Engineer: 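Okay, here's the structure, questions in a sec.
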Protein chains: 2
Amino acid sequence: MLQPTEMDWTDPECPVARAADLVGDKWTLLIVRDSLDGKRRFSEFEKSLGVAKNILSDRLRLLVERGVLTRIPNERGTRSEYEPTTAGLDLFTLVLSLRQWGERNAFGTNERHSTLVTPATGQPVPRLRPLGPDGSELKPQETLLVKVGHPAT
Amino acid sequence: MLQPTEMDWTDPECPVARAADLVGDKWTLLIVRDSLDGKRRFSEFEKSLGVAKNILSDRLRLLVERGVLTRIPNERGTRSEYEPTTAGLDLFTLVLSLRQWGERNAFGTNERHSTLVTPATGQPVPRLRPLGPDGSELKPQETLLVKVGHPAT
DNA sequence: TCATTTGGTTGCATATTGAAACCAACCAGT
DNA sequence: ACTGGTTGGTTTCAATATGCAACCAAATGA
């Protein structure tokens, strides 16, 4: 698990809510986006995001504290690098789903946007698809939320 | 596209950033979670989330304004229902990826959490997997971000 | 050596949040 | 019809978070 300091969760039994507590913030999500795109240094994030330095500093600290990034100090003690942990790399799916939803729903038909491709062929990354246990496309209506105290069936 | 009122985007060319501007907020994400779980009424959201009424009111208004929910007024003009639009339903993948990341990274091994299952068999929803064009598992390192002005190769 | 960049911190004004009070409709029971 | 409770909000106000600019020390570059 992440975050050594005890969190007070918005909704402790719901994984969506815990994830939202940990990374459900605009700047946090954009820092993770850049981190997965290979950015490492404070100034790289600052330049890419245009975020105020105190906010960037705060979010990086929180992300390290929560186990999403590791701070790797330079041998001279300063100018450290921020690198994604395993949990950070695991956010790839989340960032990809944000990206693809944005592509489909936040751009006009005549607007261009940056695109994620596989370098080998230059093809765009295929659409993420939720699948059921039988491998068929899964719709929200076809799912059921089982709460913690609830019996199996 | 969504939102009739002109937004001023944090990073207009990046779909991740536009998506974060539209739904990258804790309460917004949790309202969408509940909406996809079938909740419709103001009081249902309020009870489920424990959010202050003014905030809930504000976020519902923004979600309607941005085309994620529709407000369906009751015939008596009050007690309307909030229903996901197509763009709202399309957030299923995003909420699922939040959920699955939370399950894997925000719970201790001995902690229980609510689970999303397919009602027919009771099996948990399988893990979302980013795939490359050839159908193989896609890692963040195997992708490249092509910015707008950039040539194809 | 001197200027510049880097990686921050601090202070302050402003914006957002959260809690509570308030309110007008509606609704259920008698 | 009257009464009490629920619903779906709005308003007010204090506390918190944000964003901007100034500042700074260490490292780098010319």
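Every chain is numbered from 1, with letters handed out A, B, ... down the list of sequences. Bear in mind that the values here come from a model prediction, so they are computed numbers and not experimental data.
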Engineer: Any heavy-atom pair between the side chains of A:R66 and A:T85 that's under 4.5 Å?
Structural biologist: no
Engineer: Atom NZ of B:K47 to atom P of D:dT6: distance rounded to whole Å?
Structural biologist: 11 Å
Engineer: As a test of understanding, state which of B:L138, B:L144, B:V146, B:L145 forms a side chain to side chain contact (heavy atoms under 4.5 Å, CB included) with A:L116.
Structural biologist: B:L145
Engineer: Could you run down nucleotides 4-10 of chain C 5' to 3' and tag each one B, S or - for protein heavy-atom contact under 4.0 Å?
Structural biologist: -BBBBSB
Engineer: Could you tell me the separation between the CD1 atom of B:I55 and the P atom of D:dG9, rounded to a whole number of Å?
Structural biologist: 15 Å
Engineer: Does A:Q123 have any side-chain contact (heavy atoms from CB on, under 4.5 Å) partners at least two apart in sequence or in another chain, and if so, which?
Structural biologist: A:T118, A:T121, B:P133
Engineer: Mind checking side-chain contact (heavy atoms from CB on, under 4.5 Å) for A:R40 and listing every partner two or more places apart, or none if nothing turns up?
Structural biologist: A:S35, A:E44, A:E81, A:E83, A:P84
Engineer: What is the distance, to the nearest angstrom, from the CZ atom on A:R59 to the P atom on D:dG19?
Structural biologist: 8 Å
Engineer: Looking at A:R61 and A:E65, is there a salt bridge between them, counting it only when a charged N and a carboxylate O are closer than 4.0 Å?
Structural biologist: yes
Engineer: Could I get the full list of side-chain contact (heavy atoms from CB on, under 4.5 Å) partners for A:E46, not counting sequence neighbours?
Structural biologist: A:F42, A:K53, A:L56
Engineer: So among A:R129, A:K139, A:R104, which one has a salt bridge (Lys or Arg N to Asp or Glu O under 4.0 Å) with B:D90?
Structural biologist: A:R104
Engineer: Using atom CG of B:L30 as one end and atom P of C:dT17 as the other, report the distance to the nearest whole Å.
Structural biologist: 14 Å
Engineer: Counting any heavy atom closer than 4.0 Å, what does B:R61 reach on the DNA or RNA strands: base, sugar-phosphate only, or nothing?
Structural biologist: nothing
Engineer: Output the rounded distance in Å from CH2 (A:W27) to C1' (D:dA17).
Structural biologist: 14 Å
Engineer: Which residues pass the side-chain contact (heavy atoms from CB on, under 4.5 Å) test with A:A52, not counting sequence neighbours?
Structural biologist: A:N54, A:I55
Engineer: Quantify the bending of the helix from C:dT1-D:dA30 to C:dT30-D:dA1 as the angle between its end axes, each fitted on five pairs, to 10°.
Structural biologist: 30°
Engineer: What is the distance from CD of B:E81 to P of D:dG9, rounded to the nearest Å?
Structural biologist: 12 Å
Engineer: Can you check the A:D8 CG to D:dT16 P distance for me, whole Å?
Structural biologist: 13 Å
Engineer: Within 45 degrees of the axis of the six-membered ring of A:F107 and under 6.0 Å from its centre: does B:R18 put its NZ or CZ there?
Structural biologist: yes
